[in-house]
Amino acid sequence: MEFVSPAGEQRYAALVRAAAESVIGLDMDGTLSPIVEDPTQARIHPDARDVLVDLSRQVRTIAIITGRPARQALALGALDEIGDAMGEAGKELHVFGQYGNERWSSTNRRIVSPRPPAGLGSFLRELPALLRHAGAEDAYVEEKGLAVAVHTRRLDDSRAAALRLEGPLGDLAARNGLGVEPGRNVIEIRSPATHKGDAVRTIASETEAGGFLFAGDDLGDVEAFTAVGDLAGDGLATLTVCSSSDEQGALRHLADVVVPGPDGVLDLLRHLTDDARA
Ligand SMILES: [Mg+2]
């Protein structure tokens with residue numbers, strides 16, 4: 001792993017000391033699951049189960065914080081099985097779906113979610129005309145219940161299409177009281193009220209955390225990094241981890257540690273487990 005600064009190395013050491021009272025917050029796609037062409041096939045890394053179960057014994061709790069619907073994250077991550085194994089170790093796995101709009105935990109196995117934001121219906125009705133107008137009628141529109149994701153990955157000029165769509169989608173979203181979240185070849189439209197930073201603050205306060213590690217790879221993780229920075233200001237031991245890729249470099253500058261993709265994230269978590277046990 002590559003510490004961005006000597007301060008990052010010191011933060012890691014402090015987190016190791018505070019491990020028993022720390023929360024491990026993890027994004028899913030690009031962090032625990034390799035990015036693949038078809039987002040419905042983005043399965044969790046085969047080593048993730050063993051790594052997370054081992055780690056759970058050394059920390060207070062683990063929270064998966066993802067933009068995906070909780071139900072989909074549970075299926076693609078086999079998270080209920082991981083939660084079972086963690087339960088045997090006396091620990092709980094939390095899942096925050098749709099940026100924290102939905103919650104699931106391995107001890108309360110029901111997905112709790114609020115109603116869809118009010119403007120989503122009219123946004124969806126106007127969306128096809130907008131896509132046609134932008135020459136992006138073949139974009140894949142994923143209705144996520146509480147949000148809509150417009151995927152440009154399968155278009156010929158994926159990046160150009162995403163850039164072309166960002167402005168008009170932002171305008172249409174704003175007219176309907178919604179916000180946009182640009183990601184890797186995807187633009188997500190959702191309630192502007194919730195982001196991963198809220199999930200970070202919620203789980204930190206619920207568990208009275210004394211430490212917090214968050215790992216992510218994309219723009220949707222920026223608010224989580226910011227929230228972790230606030231926790232550091234409150235005196236918690238914290239570490240921000242960027243799972244890096246060629247496609248998305250934005251998070252690198254904000255992170256204490258940069259690791260190469262999901263393999264690197266799992267390696268770091270293995271190290272943390274060993275160091276916390278020692
Ligand atoms: Mg991600």
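In each ligand, atom 1 is the first atom listed, and ligand 1 is the first ligand listed. Positions are given from 1 along the sequence.
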For D171, give me all partners under side chain to side chain donor-acceptor pair (under 3.5 Å), at least two apart in sequence or on another chain. none
By side chain to side chain donor-acceptor pair (under 3.5 Å) - contacts of E223 (at least two apart):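 Scan of E223 (side chain to side chain donor-acceptor pair (under 3.5 Å), adjacent residues dropped) gives none.
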Here the ring pair (Phe, Tyr, Trp, His ring centres under 6.0 Å) pairs for residues 117-155, sequence neighbours left out, are Y140-H151
Side chains of N176 and S122 only: does a donor on one sit below 3.5 Å from an acceptor on the other? yes
Determine yes or no for a side-chain-to-main-chain donor-acceptor pair under 3.5 angstrom, with D256 supplying the side chain and T240 the backbone.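 Looks like yes, one N/O pair under 3.5 Å.
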Around the Mg ion (ligand 1), how many protein N, O or S atoms are found at less than 2.8 Å? 3
Are any of the side-chain heavy atoms of L79 and L93 separated by less than 4.5 Å? yes
